[in-house]
Amino acid sequence: MERINRRKFIEFTSMLAGTSIMATHMPWMNVFNNPAQASSKPSDRVRIAFIGIGSRGSALVENMLALKDRMNVDIVAVCDNYGPHLERAKEMTGTDLGFYDHRELLDRVELDGVVIATPFHQHVEPTIDAMRAGCHVYCEKSMARHLEDVKRMYEVHKEENKVLVIGHQRLFNPVFPEAIKLIEEGDIGKVTMVRGIRSRNSEWIFYDVPGGRGTKLDRQRNWRLYEEYSGGMIAELGSHDFQNVNWIMGSPPIAVSGRGSTNYWSSREVWDNYSVVFEYPGGVHFTYDGLDSNVHYGQQLRVLGDKGTLDLHNNRRYYEDPPTPPALQSLMNDIEASLFQTIPIGGATWLAPDAQTAGAGKITESEEVQTTLLALEGFIEFIRRGEAPEKLLIEGYNASIWTLLAEEATKTGQIVRCPEEYII
Amino acid sequence: MGTRCQILISGVDTDYAAQVFNIIKKDVTRLEEDLSHFNEKSEVSHINKWAASRPVPVSETIFDLIKICRKYHSITRGLFDITQKPLVDFWSNKTADYSANGEVEKLISTTGMNNVVLNEMDHTVSFKHKKLKIDFSGIGKGYTLEWVKKLLRRFSVKNAFVSLGESTILALGTHPEGDHWKISMKDYCNPERNLHTFLVRDGVLSTTSNFYSDNYGKLHTRPVVDPKTGYPVSGLKSVSVCSGSALLVEVLSNAFLSSSDSYIKYVVENVERIDAIKTDYESGKAEVRRFCTEVKKSLN
């Protein structure tokens, strides 16, 4: 399954190779068309360390282990300031080199790259220290808790000339580049609005902690619930969608406004519901809401144009005026002309069996790919080349900046624009 | 289901036709919501989720439809089987030359209508095997068109052409300019050529194939599993069946796709008013075999 899907994905990227769409919107996907010829020699092995190996970090470790032989990559060291996580990571990776402090890791271990999956308020130091120590960095979104730290991470990347990849959920998902291609080709006409939803119905407690909410341990373990460490759903979930829409629109927003509150999960410091409206060039608005007390509408992201709609969340496209099948058109023409002709049925001319609504089709046939695996594969390729397309980091940068600005908008009720010093 | 429904009503006032259309649309939408496994909130999706762990109370519509499916499963000697979904899902992820290594045999043992338990007392459905799933895609359109036919007649509409994705078509009454409807099946390899023209009056034409083309003319294949072997029907094949009953034609077009020619001949000789063609594109061009009782010819 995985092999077939990967093959489809490579077919997809090779189809786009050399096109202006690839160069302008998704240059990082080109890495799969000309992979570096890595031998299996130990001297060619890419040496990776992981910093932060909680729930997401463990998933990243598993994905990296899947690349071990094919990409000749080795997880040589792990780092986490929570003992049980560190021990689990050592067991998963088989390494003896485990550290509580990332600085000790960077001092003592020779590395090519570092994967950082700490809580996002703890991204900035290990990311900057790793680049200063000569490592390329893959860091999960969102970049940092404060605007100035996001900018600092970007500047150090420039100063040290090191790869910095910010991991977002769909950067390697073929639905998005195909959607961009369709939009550029005018398939859904003029894009007039984008709508998004992320809803869940959960308390968002990752760990049961003695003493419950508010304890020191709970603040460390369930950090997502505390304003000092997290932007709540806006940062942890919304940031993925904000990146997606920036990517689709080909531009960061102009402004954002919104409101939020905590009306259900009273023990948390961050919003359990919020709505934001981003304004993009051309008067296009992206309306988005996050809710943690009703999961009915789940996760949705729709691009609306005057000729059609792209449902990015489930790989569907719809047309305002779906083409009439030739048989019916032919029949209607005949009746209008008072002709008694045969009605031609074109064999099996019906819609794809998984189309849910009239006029629907798929955006792409290559949807089922393991995007985390591809993202890490891309990172290893970038390490071998010593560079990555700048556009990839700019996506992460803008998503991180506008995540923080959206959070500010929900707190102040003001229309928030990006301060000049954070526009790159 | 998950397909486009198009309705052409003739011989009545435009406003009246619009009213009838809206009533039909409402009912077809309801049936789609109940029957389609593409809809995660449909009744069939609910059954598939829970019936292996406990008896699931179901609506009268679903209960009756499962009973109908059981009847046709028996009549077609198992060739029509709504429990094939696990095998279809399995083959959807495999290429035709995949060596199954016993996986298919294991899946076959979990399928079959004998693993579906209907309780008449409390109108519940349960599955004997946890992997079992039901799928009405081989009968849902037929069931829907039977319903549409009743509605049209209730509202005194005598002539109408109703297409569900062009795979199942109700031709009620006659064409405004003729005394029947002429529906021709085009050659997939040579679209200018008609394989066969069905002359239909108050009848239904159903086509099943292991391939289809989308709105944009692109060819897609889809596995149609032979319930006897558990393996997908090979090559590109298509079956069209015409008769008076929407349920019957859809069931038979599905069953005939994996059956032998002798079985099709047997059915056609023993069931009234059936006209069918089976087309094989294996050689790169359409090879058509027609099955029809001489007396009835092709007029239904």
Side-chain angles (χ1 to χ4, degrees), chain A residues 1-5 7-8 182 185 187 295-299 308 313-319 321-365 367-368, chain B residues 1-6 8 10 32 36 38-39 41 93-95 137 161 163-169 171 174-189 191 194-195 197-199 205 207-220 222 236 238 240 279 281 286:
Chain A
M1 187 72 175
E2 176 200 324
R3 187 176 59 78
I4 291 168
N5 289 334
R7 191 188 69 210
K8 277 186 181 173
L182 290 170
E185 290 169 354
D187 194 67
V295 75
H296 182 69
Y297 288 106
Q299 183 178 333
H313 57 281
N314 65 357
N315 187 25
R316 291 284 180 277
R317 59 177 164 173
Y318 304 87
Y319 294 105
D321 185 16
T324 306
L328 259 290
Q329 189 62 57
S330 164
L331 176 58
M332 287 190 292
N333 293 345
D334 289 344
I335 290 173
E336 281 172 12
S338 300
L339 293 173
F340 180 37
Q341 307 282 16
T342 60
I343 306 157
I345 301 296
T349 58
W350 47 93
L351 290 166
D354 50 1
Q356 293 181 19
T357 308
K362 285 185 175 181
I363 296 171
T364 177
E365 294 297 324
E367 61 185 312
E368 296 294 333
Chain B
M1 293 169 72
T3 193
R4 178 188 297 151
C5 174
Q6 293 195 303
L8 186 148
S10 77
E32 164 72 16
S36 177
F38 299 122
N39 177 359
K41 293 184 172 62
N93 297 322
K94 302 283 184 289
T95 53
S137 61
F161 187 91
S163 166
L164 293 182
E166 296 194 14
S167 63
T168 309
I169 294 166
T174 63
H175 187 287
E177 306 296 329
D179 66 350
H180 53 273
W181 301 87
K182 292 190 283 192
I183 308 173
S184 64
M185 293 305 305
K186 286 201 293 187
D187 181 345
Y188 174 75
C189 294
N194 285 338
L195 297 175
T197 299
F198 293 90
L199 308 181
L205 174 66
T207 301
T208 300
S209 64
N210 56 357
F211 65 95
Y212 63 94
S213 57
D214 61 22
N215 267 340
Y216 318 100
K218 186 180 172 187
L219 177 72
H220 301 263
R222 66 183 188 103
L236 296 182
S238 167
S240 299
T279 309
Y281 291 95

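Throughout, a chain's letter reflects where its sequence line sits, starting with A, and its residues are numbered from 1.
Residues A:L331 and B:H175 are in side-chain contact: their nearest non-hydrogen atoms beyond the backbone lie under 4.5 Å apart. Side-chain atoms of A:I335 and B:L8, non-hydrogen and from C-beta on, do get closer than 4.5 Å to each other. Using a 4.5 Å cut-off on side-chain heavy atoms (C-beta onward), A:F340 and B:H180 make contact.
In plain terms, the two heavy atoms of B:S184 and A:P344 that are nearest each other are OG-CA, 3.4 Å. Between A:L328 and B:E166, the shortest heavy-atom distance links the atoms N-OE2, 4.5 Å. What you find for B:K182 and A:Q341 is that their closest heavy atoms are CE-C, 3.9 Å.
One distance of note links CD1 of A:I345 with OG of B:S163; it measures 6.0 Å at 0.5 Å rounding.
B:L195 does not touch chain A: none of its heavy atoms, backbone or side chain, sits under 4.5 Å away.
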